[in-house]
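Predicted model only: the values in this text are computed from it and were never measured.
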Amino acid sequence: MQLIAVSETDGLKARVFHQLSAYLERGRPEPVAVGLSGGGDSLALLALVCEWAKGTDRSVLALTVDHRLNPASADWTAQAERMAKPLGAQWCALHWMDAATGAGVQARARQARHGLLADAAREAGATMLVLGHTADDAAENHWMRAEGTPVGRLRVWSPSPVWPQGRGISLLRPLLSERRQTLRDYLQERGLVWIDDPANQDVRYSRVRARLALNGALPVERVEASRPFVWKSRCRPEAHAGVLRFSRRDMLEAPDRILAMALLCVSGGTVPPRGGRLAQLKARLAAGEDGVAVLSGTRIEMQGDDLTLMREAGEQRRAGLELQILQMDRPMVWDGRFSVRIAEPDWMIMTAKGRLNRLAEKHRRDLSNLSPAARSSLPILHNIKTDQYVPAWSMAEVRCLVAPRFLANCLVDADETPQESALFDLWHGETVPTALFS
């Protein structure tokens with residue numbers, strides 16, 4: 001086990017500023033969103049980001065989540081405001097309204113926190129959410145995984161782990177190589193006081209047990225960078241309808257997580273397929289088998305070297321996808337795959353399966369570029385007053401999230417540094433090409 005000695009604060013700013021400048025760009029109009037709990041790590045992060053922002057013509061938005069799990073949480077939230085504003089940051093409080101005790105409360109709180117932070121960052125126009133995880137947090141996660149706790153590996157950059165709240169939002173952790181004590185020393189030098197949550201001493205929580213077990217040691221978890229998956233068919237027009245095409249050969253050469261992520265994104269789901277069923281599908285691909293398979297809500301069509309993935313319409317209903325009334329000028333995510341915004345009242349959104357014959361002939365002709373299976377899983381709109389049925393694209397602003405979500409996740413662990421502008425273009429590019437819908 002290789003140990004890293006606790007470093008001093010010398011060079012902390014230079015290292016963190018280098019990380020921030022690698023991912024964030026100067027002079028962009030949207031703020032840099034920073035998660036601020038009020039603890040030492042997040043306060044040090046905010047102080048460093050605010051100092052970096054002064055030299056790059058950027059504003060900073062501090063976001064504090066009140067989990068309502070401790071009687072003092074309201075006071076802590078108020079303290080966070082008093083920390084943020086003197087540093088030059090705007091500040092916003094977010095409240096978890098479904099807080100409850102019981103089993104798994106920490107995991108539920110973490111999920112809720114990520115959702116609230118992502119929604120607030122996106123509302124502010126940000127594409128990156130900066131968080132204060134340290135090298136100690138990464139080591140604790142490594143220990144927890146070894147003990148069977150289902151926690152992910154922390155990365156300097158990664159897409160938001162929640163869906164669909166995290167759409168278009170990436171996480172940046174510029175302190176991931178820094179020791180927790182280094183940040184405390186930095187705060188003390190600046191005279192900044194942080195909050196100590198008593199839960200950080202509660203051995204009922206696995207992270208606290210990990211901290212005690214490590215006792216300051218920092219085993220290095222080595223992760224080799226990989227080349228990003230090259231998706232040769234990414235520009236095909238049907239990708240805007242949630243249909244992804246791949247080379248079977250390329251998919252077999254890629255890590256298993258690429259196939260799992262493709263299936264997850266096409267289905268609009270939140271849990272990727274793992275284990276035996278994913279291995280069985282990979283074996284069928286390796287055997288050169290042609291045919292159709294369904295896994296995790298995705299239909300997989302295999303023909304020669306062509307691999308076509310689309311939403312399995314039958315799984316939409318089995319998953320409980322219901323009719324929904326669209327609210328004017330309020331974007332919503334439908335089936336985890338499409339962002340939809342409409343400017344008129346009285347429209348409902350639903351799956352096209354069983355309703356394609358209600359569309360006008362022109363609209364059915366427009367959809368003829370897609371296979372029958374792909375058409376059936378598309379969103380269509382129904383006007384409650386006129387009883388008119390139309391493809392969603394003909395009445396609303398529709399943005400397919402499938403391909404951007406897949407491409408963003410392909411960058412994880414890749415030897416590339418995603419820039420803000422490139423990520424913005426990825427998520428906010430062309431809504432739908434005329435080649436598919438006229």
* Just by modelled atom types, is the A72 backbone N or O under 3.5 Å from a matching donor or acceptor in the N70 side chain? -> yes
* To do: State whether the side chain of S42 and the backbone N or O of S37 hold a donor-acceptor pair below 3.5 Å, judged by distance alone.
  => yes
* To do: Find the distance between NE2 (H114) and CH2 (W163) and round it off to the nearest 0.5 Å.
  => 15.5 Å
* **CD-CG distance between Q165 and L116, expressed to the nearest 0.5 angstrom** => 8.5 Å
* Structure fact -> For E315, the salt bridge (charged side-chain N to carboxylate O under 4.0 Å, His left out) test, sequence neighbours excluded, returns R318
* **Distance-minimising heavy-atom pair for G166 and S160** => CA-OG, 3.4 Å
* Side-chain H-bond candidate by donor/acceptor type, S339 with W334, under 3.5 Å -> no
* Do V60 and L46 pass the side-chain contact (heavy atoms from CB on, under 4.5 Å) test, and can you show the C-alpha distance, the side-chain angles, and the key distance before you say yes or no? -> CA-CA 9 Å; V60 179; L46 181 63; 3.8 Å; yes
* Residue pair R28, D57: steps toward the salt bridge (charged side-chain N to carboxylate O under 4.0 Å, His left out) verdict -> CA-CA 8 Å; R28 290 186 66 88; D57 195 25; over 6 Å; no
* Whether R248 side chain and G304 backbone form a donor-acceptor pair below 3.5 Å -> yes
* Please step through salt bridge (charged side-chain N to carboxylate O under 4.0 Å, His left out) for the pair R68 and D66, ending with a clear verdict. => CA-CA 5 Å; R68 300 168 63 234; D66 180 358; 5.7 Å; no
* Structure fact -> From the list L48, L129, L45, L61, side-chain contact (heavy atoms from CB on, under 4.5 Å) with V34 holds only for L45
* To do: Taking atom types as modelled, find out whether H67 and R113 have a side-chain donor-acceptor pair closer than 3.5 angstrom.
  => yes
* **Atom CD1 of I325 with >12 non-hydrogen neighbours under 6.0 angstrom** => no
* Asked: Under a 4.5 Å cut-off applied to non-hydrogen side-chain atoms, are M348 and L326 in contact?
  -> no
* Say you draw a straight line from CG of L24 to OG1 of T56; how long is it, rounded to the nearest 0.5 Å? -> 8.0 Å
* Asked: Looking at R58 and G27, what are the two nearest heavy atoms and their distance?
  -> CD-N, 3.7 Å
* Would you say L309 and L263 make side-chain contact, with heavy atoms under 4.5 Å? -> yes
* Applying salt bridge (charged side-chain N to carboxylate O under 4.0 Å, His left out), run through E140 and R180 and close with a yes or a no. => CA-CA 12 Å; E140 290 157 12; R180 189 173 287 136; 3.1 Å; yes
* Evaluate the side-chain contact (heavy atoms from CB on, under 4.5 Å) criterion for residues L307 and E301: first the C-alpha distance (whole Å), next the side-chain angles of each, then the deciding distance (0.1 Å), finally the verdict. => CA-CA 6 Å; L307 187 65; E301 297 183 354; over 6 Å; no
* **Distance (rounded to the nearest 0.5 Å) between L259 CG and L285 CG** => 6.5 Å
* Under the 3.5 angstrom rule, does the side chain of E25 hit a backbone N or O of S421 as a donor-acceptor pair? -> yes
* To do: Quick one: closest heavy-atom pair of V402 and G242, and the distance?
  => CG2-CA, 3.9 Å
Donor-acceptor pairs under 3.5 angstrom involving side-chain atoms of residues 82-92: please list them, not counting sequence neighbours.
residue	atom	partner	partner atom	Å
K85	NZ	E81	OE2	2.8
W91	NE1	T64	OG1	2.9

* Asked: Do V243 and H240 come close enough that some side-chain heavy atom pair is under 4.5 Å?
  -> no
* **Residue pairs, two or more places apart or on separate chains, that pass side-chain hydrogen bond (donor to acceptor under 3.5 Å, both in side chains) and touch residues 121-133** => D119-R122, H133-R173
* Asked: Looking only at atom types and distance, does a side-chain atom of R167 sit under 3.5 Å from a main-chain N or O of P164, one as donor and one as acceptor?
  -> yes
* **Nearest heavy atoms of P272 and L264, plus distance in Å** => N-CD1, 3.7 Å
* Asked: Between D136 and R179, is a side-chain contact (heavy atoms from CB on, under 4.5 Å) present by the stated rule, with each step listed?
  -> CA-CA 6 Å; D136 298 85; R179 296 302 304 262; 2.9 Å; yes
* **Residues in salt bridge (charged side-chain N to carboxylate O under 4.0 Å, His left out) contact with D305, at least two apart in sequence or another chain** => R249
* For the pair R284 and I300, evaluate side-chain contact (heavy atoms from CB on, under 4.5 Å) and give the outcome as yes or no after the intermediate values. => CA-CA 11 Å; R284 291 182 65 179; I300 306 105; over 6 Å; no
* Structure fact -> Note: A396 and V340 closest approach over all heavy atoms is CB-CG1, 3.9 Å
* Structure fact -> Rounded to the nearest 0.5 angstrom, the CZ-CH2 distance for R26 and W52 is 8.0 Å
* Answer with yes or no whether the side chains of D137 and T134 bring together a donor and an acceptor at under 3.5 Å. => yes
* Asked: Once you round to the nearest 0.5 Å, how far does NE2 of H95 lie from CE of M97?
  -> 7.5 Å
* salt bridge (charged side-chain N to carboxylate O under 4.0 Å, His left out) partners of R155, counting only residues at least two apart -> D413
* Quick one: are Q316 and S377 in side-chain contact, heavy atoms under 4.5 Å? -> yes
* Decide yes or no for R245 and D306: does some side-chain heavy atom of the first lie under 4.5 Å from some side-chain heavy atom of the second? => no
* Does V294 offer a backbone N or O that forms a donor-acceptor pair with the side chain of T298 under 3.5 Å? -> no
* **Sub-4.5 Å side-chain heavy-atom contact between E322 and M350** => no
* Do D75 and Q79 have a side chain donor and acceptor closer than 3.5 Å? -> no
* So do D256 and K282 actually touch side chain to side chain, heavy atoms under 4.5 Å? -> yes
* Check whether any side-chain heavy atom of M128 sits under 4.5 Å from a side-chain heavy atom of L423, and report yes or no. => yes
* To do: Could you list the residues that satisfy salt bridge (charged side-chain N to carboxylate O under 4.0 Å, His left out) with R341, not counting sequence neighbours?
  => none
* Asked: So which heavy atom on P174 is nearest to which on V130, and how close?
  -> CD-CG1, 3.5 Å
* To do: Just do the salt bridge (charged side-chain N to carboxylate O under 4.0 Å, His left out) check on R190 and E51 with the steps written out, would you?
  => CA-CA 12 Å; R190 291 198 55 175; E51 189 170 352; 3.8 Å; yes
